[in-house]
Structures are given as structure tokens and as C-alpha cells.
Asks: 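Please find one structure pasted underneath; my questions will follow.
Atoms considered below: every heavy atom in the structure, side chains included; atoms not considered: hydrogens, waters and symmetry mates. For this chain, numbers begin at 1 and follow the sequence in order.
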Amino acid sequence: MADGTVVRVRNLVKQYATKTALGGVSFDVHAGEIMGLLGPNGAGKSTTMKILTTYLAATSGDVAVDGVDSAEDPVKVRAMLGYLPESTPLYTDMVVFDYLEYVGSMRGFKGAELRKRIGDVIRMVGLQEYVGFQIGTLSKGYRQRVGLAQAMLHNPKVLILDEPTSGLDPNQIIEIRNLIRELGKSHTVILSSHNLAEVRQICDRVVIIHRGKVVADGTIDELEGKVASTHRLILGVQPKAGQSASDLVAELQAQDGVAAAQVTHEAKTPVPHASFEVEAARDLRPELFQWAQRSGHGLVELRRKAMDLEGIFQSLTQDAN
Ligand code: ADP
């Protein structure tokens with residue numbers, strides 16, 4: 001599409017027998033973006049992804065990939081997507097190469113072209129040394145690479161990865177995250193996660209869903225800016241001779257606009273200094289700079305503390321009641 005939108009999701013509703021899993025989900029994913037679909041368990045992430053990949057029909061609403069409506073032409077849409085489901089249904093008794101050959105032939109590739117595609121994806125996911133291994137003998141991290149390889153075999157425009165690091169150990173998680181970032185340089189990626197740190201690390205943009213509704217959509221910086229109603233300022237000070245950190249707390253609290261101030265760190269040697277966290281209703285950095293100058297304290301640090309994703313997430317998804 002002309003505006004760079006590759007995936008367009010509009011008013012998706014999914015009604016299971018008695019449960020409304022999605023209550024009108026809309027978002028766009030742009031070319032080249034790594035978009036994180038973030039939400040607690042049960043939020044509707046897998047349901048959204050299954051509808052995107054045409055594995056599940058929506059009760060109502062529309063999905064278009066590169067302008068093609070997925071209800072009108074699911075075959076064309078599927079050809080543009082690579083999908084890594086949450087639990088990859090890999091054939092554990094098959095050898096990696098044979099499995100990829102099988103997946104590739106199902107996708108309609110054969111002969112030299114099929115072998116080339118297999119070689120390409122094996123290199124992309126770093127499986128060179130494991131092509132002859134039985135899938136069942138691989139670690140979970142390497143099985144996940146096989147899952148990524150099958151998702152990319154037909155060189156799709158968009159990769160859809162459902163909780164790609166769930167169940168992996170910490171080292172494998174780092175490897176798979178790095179790999180996704182690498183793949184994100186040449187693909188548009190949508191991944192789901194309930195892990196805030198993961199989304200911050202990998203994604204350009206985040207759509208947060210909660211109870212089947214989008215509660216936020218933007219870059220992590222934008223979300224942090226939107227949610228932060230309280231400014232937290234970090235202040236590093238070398239107190240004037242004869243003054244202690246607690247003296248400074250009293251001084252800070254007396255400043256106009258300061259709601260609270262506390263010492264977060266104090267060092268007496270080699271040069272006495274202390275760190276403070278100041279809570280304020282507005283950005284008081286200019287005032288605090290002037291206060292330090294007026295009072296004769298040395299100012300060694302003055303910055304705004306960004307609200308972390310954990311805080312954003314809680315404030316967006318907490319129940320009103
Ligand atoms: P997530 O992936 O964010 O954990 P899901 O999309 O799996 O969430 O599920 C969203 C909601 O829909 C949950 O409340 C879940 O229990 C419900 N759900 C999912 N699949 C089914 C199903 N096949 N039948 C009935 N309810 C389902």
C-alpha cells in the first residue's frame with residue numbers, strides 16, 4: 001500500500017462459544033517494522049495471530065495483507081505470510097533437511113529452487129551444522145530455529161511469531177531474540193509476547209491488548225510519554241561542605257512543585273555525593289538546576305527517569321474497579 005501499511009487489521013471480533021476473545025481489535029503494521037503484540041495471558045494474542053494467518057475465521061472484522069483481503073483470497077494472503085505458532089508442530093522423527101524439503105514441496109517449490117531456498121533459510125537461522133540431525137534430538141532453541149526456517153522458506157513478506165521465546169532457557173532466549181532482530185532487517189515482523197523487556201528489546205512499536213481490546217499503540221517512547229503523569233527526576237549532588245544528604249532532602253522538598261524527594265544512594269568517599277529521586281507534577285529540571293547553583297551544591301547529574309514498560313503496562317491494564 002502507498003502509505004507503507006503491510007498488514008491492516010480492522011475491528012476484529014472473535015466470539016468463541018461463550019467467550020468474546022476479541023472485542024474489536026484494529027491496528028496497522030508498516031513495512032520493515034518489528035511490531036510487538038503485548039498482553040497478559042488470555043488477552044487475545046494467539047487468537048489475533050491465528051486470524052491474521054487465516055487459521056481461524058473472525059466472527060467479524062477485516063484483515064488485509066498488502067491490500068489483499070484475507071477472507072476474499074486466503075491463499076494469496078497465506079503465501080505472503082510466514083507463521084511460527086506458539087507450539088511448533090515439528091515432526092520430531094524427521095531430519096532437519098528432509099523436514100524443510102517436505103515443507104518447501106508443500107509450498108510448491110521443487111528441484112534446484114527448493115534446494116536453494118533450504119540453503120538460504122538454513123544460513124539465515126544458523127542451522128548449518130544441524131541439517132543432518134533428527135529434529136527430536138535438537139535443543140528447544142535449535143528446534144525454534146527450525147520453526148523459523150520453515151516460516152521463511154517461501155520468503156514471505158511478513159513473519160508472524162507467536163510467543164517465539166516461550167519455554168526457552170535464558171541463553172536460548174538471547175539467541176532467538178538476536179535472530180529475530182536480524183530477520184527483522186529484511187522482513188516485516190509481528191511477534192506476540194507477555195514479556196515487557198522482550199518487546200522493549202526487539203520491537204520498534206508495540207500494540208498492547210487486554211481482554212480483547214487494544215489499550216495502547218505506539219513506540220515505547222511514545223507510550224512512556226503518554227502514561228507518565230508524574231515526572232520522576234534523578235538528581236546527583238555533591239552537597240556543600242557540612243551538609244548531609246538528609247539536609248538536602250528537606251531543601252528539595254521545600255522547592256515549589258516537588259511532591260516528594262528521597263535519597264537513593266549516598267557515598268561518603270572519595271568525594272561525598274548523593275543521588276536523589278524527586279517526584280514532581282511537572283519537569284522541574286531548570287528549577288532544580290538553579291536551586292543547586294543558588295545553594296552552592298555541585299550538580300553532577302540531572303535527568304528525567306523514563307517510566308518503565310512495567311509501569312505503563314500496569315497503568316493501562318489495571319481494572320477500573
Ligand atoms: P493469549 O494468546 O493472549 O494468551 P488467547 O488468544 O489464547 O490469548 O485467548 C483469548 C481468550 O479466548 C482467553 O480467555 C481464552 O481462554 C479464550 N479462548 C481461546 N481459545 C478458545 C477456544 N478455542 N474456545 C473458547 N475460548 C477460547
Side-chain angles (χ1 to χ4, degrees), residues 5-29 33-91 103 106-107 143-144 146-154 156-168 176 180 183-184 187-195 198-199 202-203 205-215 217:
T5 301
V6 177
V7 178
R8 175 157 290 175
V9 175
R10 286 293 175 274
N11 297 317
L12 274 194
V13 172
K14 179 63 188 180
Q15 182 77 43
Y16 290 114
T18 55
K19 166 104 199 161
T20 305
L22 300 180
V25 165
S26 301
F27 57 84
D28 290 337
V29 187
E33 200 167 55
I34 304 186
M35 197 281 269
L37 197 57
L38 178 69
N41 285 327
K45 303 182 295 295
S46 285
T47 301
T48 305
M49 294 197 139
K50 284 179 192 157
I51 295 171
L52 287 182
T53 51
T54 76
Y55 279 79
L56 199 63
T59 306
S60 62
D62 302 295
V63 175
V65 179
D66 212 20
V68 181
D69 186 291
S70 71
E72 278 167 23
D73 199 343
V75 174
K76 196 163 175 190
V77 163
R78 252 176 261 156
M80 291 191 275
L81 303 176
Y83 179 35
L84 179 69
E86 190 176 358
S87 38
T88 323
L90 292 173
Y91 296 81
V103 173
M106 299 296 281
R107 291 262 181 205
R143 277 191 227 180
Q144 201 66 333
V146 178
L148 284 167
Q150 68 76 27
M152 293 194 304
L153 207 49
H154 54 300
K157 260 187 197 304
V158 184
L159 278 174
I160 298 186
L161 316 175
D162 196 357
E163 301 261 357
T165 60
S166 82
L168 302 182
I176 294 296
I180 293 169
L183 298 175
H187 292 81
T188 302
V189 178
I190 304 175
L191 69 87
S192 70
S193 178
H194 58 267
N195 184 328
E198 173 158 288
V199 168
I202 310 181
C203 301
R205 196 162 65 84
V206 54
V207 169
I208 301 182
I209 59 171
H210 182 55
R211 296 191 175 162
K213 298 226 167 165
V214 173
V215 294
D217 179 345

Asks: Considering residues at least two apart in sequence or located in another chain, which fulfil the side-chain contact (heavy atoms from CB on, under 4.5 Å) criterion with R78?
Replies: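 Testing R78 for side-chain contact (heavy atoms from CB on, under 4.5 Å), a comparison that skips the adjacent residues, returns T54, P74.
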
Asks: Is there a side-chain contact between V29 and V158 in this structure, where contact means two heavy atoms from C-beta onward sitting under 4.5 Å apart?
Replies: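 They are not in contact (no side-chain heavy atoms under 4.5 Å apart), so the answer is no.
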
Asks: Do I51 and L22 have side chains that approach each other closer than 4.5 Å (heavy atoms only, starting at C-beta)?
Replies: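 In short, these two side chains touch, coming nearer than 4.5 Å.
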
Asks: Return each pair, listed once, that meets side-chain hydrogen bond (donor to acceptor under 3.5 Å, both in side chains) where at least one residue sits in residues 33-45; pairs must be two or more places apart or across chains.
Replies: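 As it turns out, the side-chain hydrogen bond (donor to acceptor under 3.5 Å, both in side chains) pairs with a partner in residues 33-45, which skip direct neighbours, are H30-E33, E33-R205.
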
Asks: Locate the shortest heavy-atom distance separating H194 from G39; write the atom from each residue and the value.
Replies: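 Minimum heavy-atom separation between H194 and G39: CB-O, 3.3 Å.
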
Asks: Under 4.0 Å between a side-chain nitrogen and a carboxylate oxygen: does that hold for R10 and D28?
Replies: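 Between D28 and R10 there is a salt bridge, with a charged N closer than 4.0 Å to a carboxylate O.
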
Asks: So, do L153 and R107 sit near enough that their side-chain heavy atoms are less than 4.5 Å apart?
Replies: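 Not touching, per the 4.5 Å side-chain cut-off.
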
Asks: For V7 and T188, run side-chain contact (heavy atoms from CB on, under 4.5 Å): C-alpha distance rounded to whole Å, both residues' side-chain angles, the deciding distance at 0.1 Å, then the answer.
Replies: CA-CA 9 Å; V7 178; T188 302; 5.6 Å; no

Asks: So does T165 get a backbone contact from the side chain of Q144, meaning a donor-acceptor N/O pair under 3.5 Å?
Replies: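 No: the side chain of Q144 does not pair with the backbone of T165.
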
Asks: Side-chain contact test, heavy atoms from C-beta onward, threshold under 4.5 Å: evaluate it for L84 versus L148 and give yes or no.
Replies: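 They are in side-chain contact.
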
Asks: If you take all heavy atoms of V77 and V68, which pair is closest and at what distance?
Replies: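 Looks like CG2-O, 3.6 Å.
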
Asks: How long is the gap from CG on L56 to OG1 on T48, to the nearest 0.5 Å?
Replies: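 These two atoms lie 10.0 Å from each other.
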
Asks: Can you check whether H187 reaches M152 side chain to side chain, under 4.5 Å on heavy atoms?
Replies: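 Yes - at least one pair of side-chain heavy atoms lies under 4.5 Å apart.
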
Asks: Do S193 side-chain atoms and E198 backbone N/O form a donor-acceptor pair below 3.5 Å?
Replies: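 Looks like no, no N/O pair under 3.5 Å.
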
Asks: If only atom types and distance count, is the side chain of K14 paired as donor or acceptor with the main-chain N or O of G23 below 3.5 Å?
Replies: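 No; judged by distance alone, with no hydrogens or angles, the pair does not exist.
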
Asks: To the nearest 0.5 angstrom, please state how far the CD1 atom of I176 sits from the CG atom of L191.
Replies: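 Rounded to the nearest 0.5 Å, the CD1-CG separation comes to 12.0 Å.
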
Asks: Just wondering, do I208 and V215 contact through their side chains at under 4.5 Å, heavy atoms?
Replies: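 Result yes, sub-4.5 Å side-chain heavy-atom pair found.
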
Asks: Assess whether atom OH of Y55 is packed by more than 12 heavy atoms of other residues, nucleotides or ligands within 6.0 Å.
Replies: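 No, the 6.0 Å shell around OH holds no more than 12 heavy atoms from other groups.
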
Asks: Say you draw a straight line from OG of S192 to CG of L38; how long is it, rounded to the nearest 0.5 Å?
Replies: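 Here the interatomic distance stands at 9.5 Å.
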
Asks: If you take all heavy atoms of G82 and P156, which pair is closest and at what distance?
Replies: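 That would be N-CB, 3.4 Å.
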
Asks: Pick out which of V206, V207, V199 makes a side chain to side chain contact (heavy atoms under 4.5 Å, CB included) with C203.
Replies: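 When V206, V207, V199 are each tested with C203, the side chain to side chain contact (heavy atoms under 4.5 Å, CB included) holds only for V199.
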
Asks: Hey, what do you get for NZ (K157) to CE (M80), rounding to the nearest 0.5 Å?
Replies: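 Those atoms lie 7.0 Å apart.
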
Asks: May I ask you to test the D162-P85 pair for a side-chain heavy-atom distance under 4.5 Å?
Replies: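 Not in contact.
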
Asks: May I ask you to test the F27-I209 pair for a side-chain heavy-atom distance under 4.5 Å?
Replies: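 Answer no - side chains too far apart.
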
Asks: Measure across V214 and D217 and return the closest heavy-atom pair with its distance rounded to 0.1 Å.
Replies: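 For V214 and D217, the tightest heavy-atom pair comes out as CG1-CB, 4.4 Å.
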
Asks: Could you tell me the separation between the CD1 atom of I190 and the OH atom of Y83, rounded to the nearest 0.5 Å?
Replies: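 The OH atom of Y83 is 11.5 Å from CD1 of I190, to the nearest 0.5 Å.
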
Asks: Rounded to the nearest 0.5 Å, what separation is found between the CD1 atom of I160 and the OG1 atom of T53?
Replies: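 Here the interatomic distance stands at 6.0 Å.
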
